[in-house]
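Worksheet: the structure to be examined is printed underneath.
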Amino acid sequence: MIKIIIMIFIFSSSAISANSLMFQPRMGNKYYVNSVLENIYGPESKIILQKALLPYSDFFGGPCDPYEVVLSKKKGSSGTLYKCFNGMPDLRSHMISQPSTLRTMQMKNLCQKLSQDQKTLKFSLKVLNNVKEFKDKIQSYYHSFYPWDNLSNSEIENIIKTLNKKYFWKTYSELLCQSERWQIP
Amino acid sequence: MNYFTVLIILFFCFSCNKKPTLALPSGTDTHFAKVFPIIQEKCVSCHSEMIWNTTNQWILSDYIIPGNPKQSPFFLSLRGTHVKGKGNMPIDKQEDLTAEELSIVENWILTAKLIKPKSNNTASNEKKIISDLRLFYRCYGHLTQARPTPSNIFIKKIKNGELKGLDACNKLVKGMKFNKNKLDINNIDFTTQKLMLRNFQSLHSSWFPNYNFANNNQTWGTFEFFDPNDVALYITRSLFNDQVPFKEIFSGEVTYSAIRKSEFKSDYLVYRSKLELYQPMESFLLSLGQDATKPMPWLPRPKYLERGSLVGVTATAMNQNKINIGFISDAVRKPIKLNTDFNKGFGGGLLGSPGYLVLNFGNNLGTIMEDGQHNMRTWSKGIFRDLFCRDLPVIKISDSKNYMDEDDDEDRDLAFEKSEQCMQCHVSIDSMAISAKNVTVLLNNLIAAELDLEDMDKVHLQTMFPVSTKNLINFKHPNLPYANGNEKAYLIYRNFYDKLIEKEFSNIEGLGKAMTDQIDPYICISKRYFEYFTGIKINLNQLLKRKKIHDAGETKVYQLLEKLGLELKKHQNLKLLILSIFNTEWYHLQDFGYNQYRK
């Protein structure tokens with residue numbers, strides 16, 4: 001448990017400025033978050049991501065490229081993923097973003113949607129298909145978000161103890177999705 | 001609960017946490033030991049920043065000037081010091097410092113000395129090095145702003161111990177490669193390469209803050225012909241093509257365009273109206289006519305920019321966008337005859353690229369430059385900011401004396417040439433601007449059924465383009481002799497080593513050459529990549545100013561920048577620069593050294 005939520009707000013105390021240097025925790029931009037979450041929650045997540053993530057360049061960062069969008073009267077459109085939702089200023093949205101309350105709030109909103117939707121949640125649980133033990137399932141699901149890291153035994157026990165049994169996977173999924181550490185590439 | 005309440009709660013909690021229970025480090029000098037509790041008691045409640053617990057931190061904050069109370073903002077702010085300054089602190093009179101306390105503060109400032117921090121500080125034993133697997137996920141994320149799929153071949157090899165994380169990162173970087181001028185579709189890593197190309201073009205673009213062609217009424221046609229990020233294409237091209245040394249971005253008249261791929265052609269404009277880029281549901285067709293329901297087709301002349309996903313960078317073809325008439329405004333339809341190809345650069349690579357000149361023109365359209373009055377100063381400022389990573393002024397105030405205009409008889413004696421403060425900036429920007437004195441920017445309605453329309457056009461959709469005053473035909477203007485003349489330009493600034501540089505040249509190409517001979521453009525780009533990969537932001541102006549009093553972190557960063565800059569100047573290869581950054585300790589620390597620095 002601790003490991004998952006530890007990052008929330010740990011960085012939110014403002015950047016440390018030391019004279020001519022400033023250390024700013026940097027999180028991946030909206031394209032990064034989009035890539036991770038689409039991998040985990042599958043193609044059905046696209047609509048949700050397009051509504052609840054991609055327009056928020058201000059606090060997720062990620063500049064748009066207006067020339068990427070192609071639109072034809074007869075043939076439809078392509079490349080809308082990168083459209084400039086907020087117009088001109090999106091050309092210079094930050095490449096990387098700092099943690100912020102607004103970002104955290106929007107992530108909460110986004111992760112709720114992804115874990116509530118049966119189709120996206122189900123897709124994310126595919127990784128557990130060949131895993132038998134409940135504890136191993138918890139570990140495997142964790143790897144979806146943190147492929148480089150393992151939960152310790154006691155952390156797993158803790159998760160089992162704390163999370164609601166009835167909505168276990170929904171809650172667990174939402175919690176991991178919201179955690180901040182994976183958002184830092 | 002809305003955002004606002006949340007913010008309030010957070011702020012509230014932050015301030016209630018901030019109980020200043022700081023202790024003094026051992027070895028504190030006795031003067032400061034006496035001052036510290038006074039500040040804690042009487043200032044910190046309002047000035048939460050005043051929690052510095054060493055004299056050094058106070059000096060570096062610029063609140064106190066060692067040995068000089070009467071110039072220290074801290075001392076001047078205190079009521080009862082009776083020296084110039086506001087002298088109204090602390091606000092509440094009942095909290096006023098006693099005469100004894102005042103003299104304690106005064107003594108502290110009188111005796112204060114900056115102690116250079118020892119380079120070997122003990123905080124370093126907290127370093128946490130990340131695993132090979134984590135390192136790979138990190139660099140993949142930075143290079144692509146995406147995550148590798150679980151089936152990624154490198155991940156398997158790292159897990160099996162066959163490949164080091166750093167080696168995998170190096171392989172990714174080496175994969176940034178054009179086959180001639182574009183990515184190779186048949187390459188197995190095409191998808192990753194495409195992500196990297198897009199990401200780096202975005203990153204390079206973000207280094208150039210000016211992007212808006214639509215600052216002038218109805219000039220949004222410009223977006224169809226000049227990419228506001230065309231400068232970035234020069235850098236991206238050098239990164240993806242080992243045959244293109246970095247310094248080539250500062251030379252030549254060739255300009256570059258994006259090669260893009262899409263399944264079909266776009267028939268909508270990029271830009272719609274004020275501040276809006278194209279919005280799919282309500283865009284304008286790339287066509288003409290007052291009746292929007294019956295658009296007239298747009299003839300494919302002149303050639304406009306490609307649309308679709310970025311796959312390469314190519315030299316823009318010449319002779320496809322020749323133009324023979326320009327206007328100063330859309331109201332004054334007095335055609336100016338000219339003969340120019342607006343895809344041709346002005347020399348000096350990106351410094352003279354049409355996009356950069358238009359975006360940094362800084363004068364009214366049609367301005368013909370004049371010695372002293374109108375010059376390309378905004379452009380010079382842009383070059384220092386974007387390619388030297390420096391804010392003005394870039395010389396010392398004492399340097400400007402050498403350049404003062406002291407001859408009263410001269411007819412051009414502008415007030416600011418007599419003021420050292422003004423000249424501290426203007427010496428550098430004005431003397432650089434001379435190299436672009438032949439540049440002006442004009443308008444034409446290019447998205448029209450015909451090129452070079454002379455009457456009020458059916459659609460007011462103007463395009464801005466730079467023209468050399470040498471290419472104006474039969475045009476008379478009192479400033480032309482200066483604009484087309486041979487006055488020499490100079491690059492004048494203090495460099496990375498605080499040395500005053502003064503180099504003469506005659507055009508933008510010459511400026512590019514002078515720049516590539518210096519170390520500073522190399523330092524600047526090293527700094528920019530370093531910031532992107534580590535999150536450690538460097539204020540180069542400050543870093544250079546504080547050279548004599550660098551702390552351990554600054555010393556390390558300064559030395560690293562010097563090393564990276566010198567290396568780049570030698571090998572001219574941006575990929576090697578990135579690899580060098582991946583090789584630094586910072587990149588392997590869990591927090592990029594963030595907590596280490598917190599101490």
Side-chain angles (χ1 to χ4, degrees), chain A residues 9 11-13 15-26 28-32 34-36 39 62-80 82-96 101-102 105 127 143 147-149 182 184-185, chain B residues 3 6-7 10 60 131 133-134 137-138 141-142 145-147 149-150 198 202-203 205-206 209 211-212 214 223 227-228 258 260 262-268 270 275-278 280 283 285 305-310 532 535-539 542-543 546 551 553-554 557 592-594 597-598:
Chain A
F9 287 131
F11 275 161
S12 302
S13 51
I16 304 286
S17 156
N19 321 316
S20 55
L21 307 180
M22 189 148 78
F23 284 66
Q24 289 182 315
R26 347 101 45 42
N29 65 29
K30 67 181 187 184
Y31 302 119
Y32 180 75
N34 186 71
S35 152
V36 176
N39 272 341
C64 77
D65 177 352
Y67 299 95
E68 243 166 12
V69 190
V70 176
L71 189 75
S72 153
K73 259 212 142 160
K74 283 190 213 115
K75 303 203 170 124
S77 72
S78 80
T80 41
Y82 299 130
K83 76 180 184 196
C84 308
F85 293 87
N86 307 306
M88 289 294 287
D90 271 14
L91 268 164
R92 286 294 180 274
S93 307
H94 293 290
M95 275 305 286
I96 49 173
T101 320
L102 294 181
M105 295 288 295
V127 290
H143 284 161
W148 53 77
D149 198 14
W182 68 259
I184 302 170
Chain B
Y3 288 159
V6 175
L7 274 175
L10 277 169
L60 294 177
S131 69
L133 192 59
R134 178 71 184 96
Y137 275 100
R138 170 176 283 180
H142 288 154
Q145 287 293 336
R147 190 175 267 184
T149 54
R198 176 177 201 283
S202 277
L203 174 66
S205 304
S206 73
Y211 62 84
N212 194 355
F223 282 93
D227 183 339
R260 295 178 181 273
S262 76
E263 285 147 42
F264 43 81
K265 272 208 142 79
S266 196
D267 42 24
Y268 283 75
V270 175
L275 279 186
E276 283 170 47
L277 284 158
Y278 140 92
S283 354
L285 273 168
L305 297 173
E306 289 186 15
R307 304 277 280 275
S309 58
L310 183 65
Y532 175 69
I536 301 171
K537 274 199 142 179
I538 305 165
N539 179 332
Q542 284 296 316
L543 187 72
R546 294 167 39 83
D551 62 25
E554 287 174 303
V557 168
F592 300 97
Y594 184 81
Y597 216 83
R598 204 166 199 157

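Throughout, protein chains are lettered first and strands after them, A, B, ... in sequence-line order, and every chain is numbered starting at 1. Treat the numbers as computed from the prediction; the structure is a model and nothing was measured.
Side-chain polar atoms of A/S20 and B/E554 form a donor-acceptor pair below 3.5 angstrom. Side chains of A/R26 and A/H94: no donor on one and acceptor on the other come within 3.5 Å.
For the pair A/D65 and B/R307, the salt-bridge criterion is not met [side-chain N within less than 4.0 Å of a carboxylate O].
Among the candidates B/R138, B/E306, B/H142, the residue making the largest number of heavy-atom pairs closer than 4.5 Å to chain A is B/H142. Of all the listed residues (B/S205, B/P209, B/S309, B/S131), the one sharing the greatest number of non-hydrogen pairs under 4.5 Å with chain A is B/S205. Per-residue heavy-atom pair counts under 4.5 Å with chain A were compared for B/G141, B/S206, B/G308, and the maximum is reached by B/G308.
The contact between A/N39 and chain B is made entirely by side chain atoms (from C-beta outward), counting heavy-atom distances below 4.5 Å. With a threshold of 4.5 angstrom between heavy atoms, B/L305 approaches chain A through side-chain atoms but not through N, CA, C or O.
Smallest separation of non-hydrogen atoms from B/R198 and B/L310: CA-CD2, 4.5 Å.
Put simply, the side chain of A/Y31 gets close to the backbone of A/P63: a donor and an acceptor are under 3.5 Å apart.
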